[in-house]
Amino acid sequence: MKKFEDVIEFHGHSCPGLAIGYRVSIFALKELGERASDEELVAIVENNSCAVDAVQVVTGCTFGKGNLIFKDYGKQVYTFIKRPSGDGIRISVDWKSPEETDEEKRMWDRYMKGDHSEEVLRTVHDRKAKKINLILNAKDEELLKVTKGKMDLPEEAKIYPSLSCAICGEKVMEPRARVKDGKIVCIPCFEGEN
Ligand SMILES: [Zn+2]
Ligand SMILES: [Zn+2]
């Protein structure tokens, strides 16, 4: 099982969003079983925040393999479905950040106004570290609202033939090709960006 450190290494920094994605992913694997080496597990993420990097590292559902599907809903909801059974789990993150102290509010305000003095940075950093810790140590039921059951599987990633763009000469996957003045072209050439 991947550790939080592994996720930080991939993502580049530690942050509350990453911690949430880590908890979601660990929980999903605990419920559904092993990490996806190929496409036996599919993740559908409803945001493109830091959390999604944790999902990729921990569950093995990645953008490149096509078993990470992004729906731009701006919601902290993550669905994991096993192939071919369709057994799935939908996880909605329901975490309330603890109330900020007046001191924290004041410092955050100064930070947002561009004050990066040592005392401001220390408070902002401590607050972030506190949040990360709370998320990593919260009970599952304090953090995650879970639904389980059979779910509809998205289509499997397909491999398409590629065509050559008549304008730039670069290869383009067939379903993305467009026709412009009777010639096969890529989308940037079609839109006149090349
Ligand atoms: Zn982050
Ligand atoms: Zn082109």
Side-chain angles (χ1 to χ4, degrees), residues 1-99 127-161 172-176 187:
M1 194 68 93
K2 294 283 178 180
K3 296 194 187 69
F4 190 53
E5 287 70 39
D6 301 322
V7 172
I8 296 170
E9 193 187 320
F10 177 76
H11 182 58
H13 64 233
S14 176
C15 64
L18 197 68
I20 283 176
Y22 181 74
R23 289 296 309 268
V24 163
S25 306
I26 295 289
F27 185 81
L29 289 192
K30 200 175 73 188
E31 294 293 313
L32 293 178
E34 79 281 23
R35 189 172 185 273
S37 60
D38 199 1
E39 283 191 44
E40 61 274 21
L41 187 66
V42 179
I44 302 163
V45 299
E46 299 188 16
N47 67 79
N48 58 351
S49 72
C50 297
V52 178
D53 276 354
V55 170
Q56 297 193 75
V57 172
V58 176
T59 68
C61 295
T62 70
F63 187 57
K65 275 190 288 185
N67 59 346
L68 176 80
I69 294 161
F70 167 47
K71 293 196 172 165
D72 197 2
Y73 297 160
K75 294 178 71 175
Q76 282 287 341
V77 174
Y78 306 83
T79 304
F80 300 88
I81 311 171
K82 279 174 94 164
R83 284 192 218 271
S85 69
D87 291 323
I89 184 168
R90 180 184 188 274
I91 303 171
S92 169
V93 177
D94 186 24
W95 187 71
K96 273 165 214 72
S97 176
E99 197 68 53
R127 161 107 184 134
K128 195 168 86 174
K130 194 167 81 183
K131 271 198 204 173
I132 294 167
N133 241 316
L134 285 169
I135 294 165
L136 291 178
N137 294 301
K139 294 198 183 79
D140 289 335
E141 58 272 24
E142 290 171 340
L143 202 62
L144 315 169
K145 278 203 290 200
V146 177
T147 333
K148 289 180 78 171
K150 291 278 178 195
M151 299 185 185
D152 290 336
L153 277 161
E155 264 185 71
E156 256 174 89
K158 285 200 186 85
I159 294 172
Y160 295 100
V172 52
M173 180 171 101
E174 190 188 75
R176 299 289 177 271
I187 292 173

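Because the structure is a prediction, the values reported are computed rather than measured.
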With sequence neighbours left out, what residues match P98 under side-chain contact (heavy atoms from CB on, under 4.5 Å)?
W95, R127, L134
From E9 CD over to S14 OG, what is the distance, rounded to the nearest 0.5 angstrom?
13.0 Å
Heavy-atom donor-acceptor pair, N137 side chain to N133 backbone, under 3.5 Å:
yes
Enumerate the residue pairs fulfilling ring-ring contact (aromatic ring centres under 6.0 Å, His included) with a member in residues 2-23, sequence neighbours excluded, ordered by first and then second residue.
F4-Y22, H11-H13
Residues, nucleotides or ligands: over 12 heavy atoms within 6.0 Å of F63 CZ:
no
Min side-chain heavy-atom separation V52-N47 under 4.5 Å
yes
Any salt bridge (Lys or Arg N to Asp or Glu O under 4.0 Å) involving residues 66-80? Give me the pairs, sequence neighbours left out, ordered by first then second residue.
none
Would you give me the side-chain donor-acceptor pairs under 3.5 Å for residues 23-31, sequence neighbours excluded?
| unit_1 | atom_1 | unit_2 | atom_2 | d |
| --- | --- | --- | --- | --- |
| R23 | NH1 | I135 | O | 2.8 |
| R23 | NH1 | L136 | O | 3.2 |
| R23 | NH1 | A138 | O | 2.6 |
| R23 | NH2 | A138 | O | 3.0 |
| R23 | NH2 | D140 | OD1 | 2.7 |
| S25 | OG | G21 | O | 2.7 |
| K30 | NZ | D140 | OD2 | 2.9 |
| E31 | OE1 | K148 | NZ | 2.7 |

How many angstroms lie between CD1 in I44 and CD1 in I81, if you round to the nearest 0.5 Å?
4.0 Å
Is V55 close to Y78 at the side-chain level, that is, under 4.5 Å between some pair of heavy atoms?
yes
When rounded to the nearest 0.5 angstrom, what distance separates CG in L68 from OG1 in T59?
7.5 Å
Heavy-atom closest pair (I69 atom, P154 atom, distance to 0.1 Å) is CD1-CG, 3.3 Å
Distance, nearest 0.5 Å, that separates CD1 of I20 from CG of L144:
9.0 Å
Determine whether K145 and I91 make a side-chain contact, defined as any pair of heavy atoms from C-beta on separated by less than 4.5 Å.
no
Is the shortest side-chain heavy-atom distance between C61 and V42 below 4.5 Å?
no
Those residues at least two apart in sequence (or on a different chain) that pass side-chain contact (heavy atoms from CB on, under 4.5 Å) with T147 are R90
Can you check whether T79 reaches I89 side chain to side chain, under 4.5 Å on heavy atoms?
no
More than 12 foreign heavy atoms under 6.0 Å from NZ of K139: is that the case here?
no
Nearest-0.5 Å distance, CE of residue M173 to OH of residue Y160
6.0 Å
Atom pair OG/CG of S85 and L153 - distance to nearest 0.5 Å
7.5 Å
Short side-chain to backbone donor-acceptor contact, K82 and L32, under 3.5 Å:
yes
Can you tell if the side chain of V7 reaches within under 4.5 Å of the side chain of D53, non-hydrogen atoms only?
no
Apply side chain to side chain contact (heavy atoms under 4.5 Å, CB included) to Q76 and S49, showing your working.
CA-CA 9 Å; Q76 282 287 341; S49 72; 4.0 Å; yes
Whether K131 side chain and G17 backbone form a donor-acceptor pair below 3.5 Å
no
Among residues at least two apart in sequence or on other chains, which ones pass side-chain contact (heavy atoms from CB on, under 4.5 Å) with K96?
D94
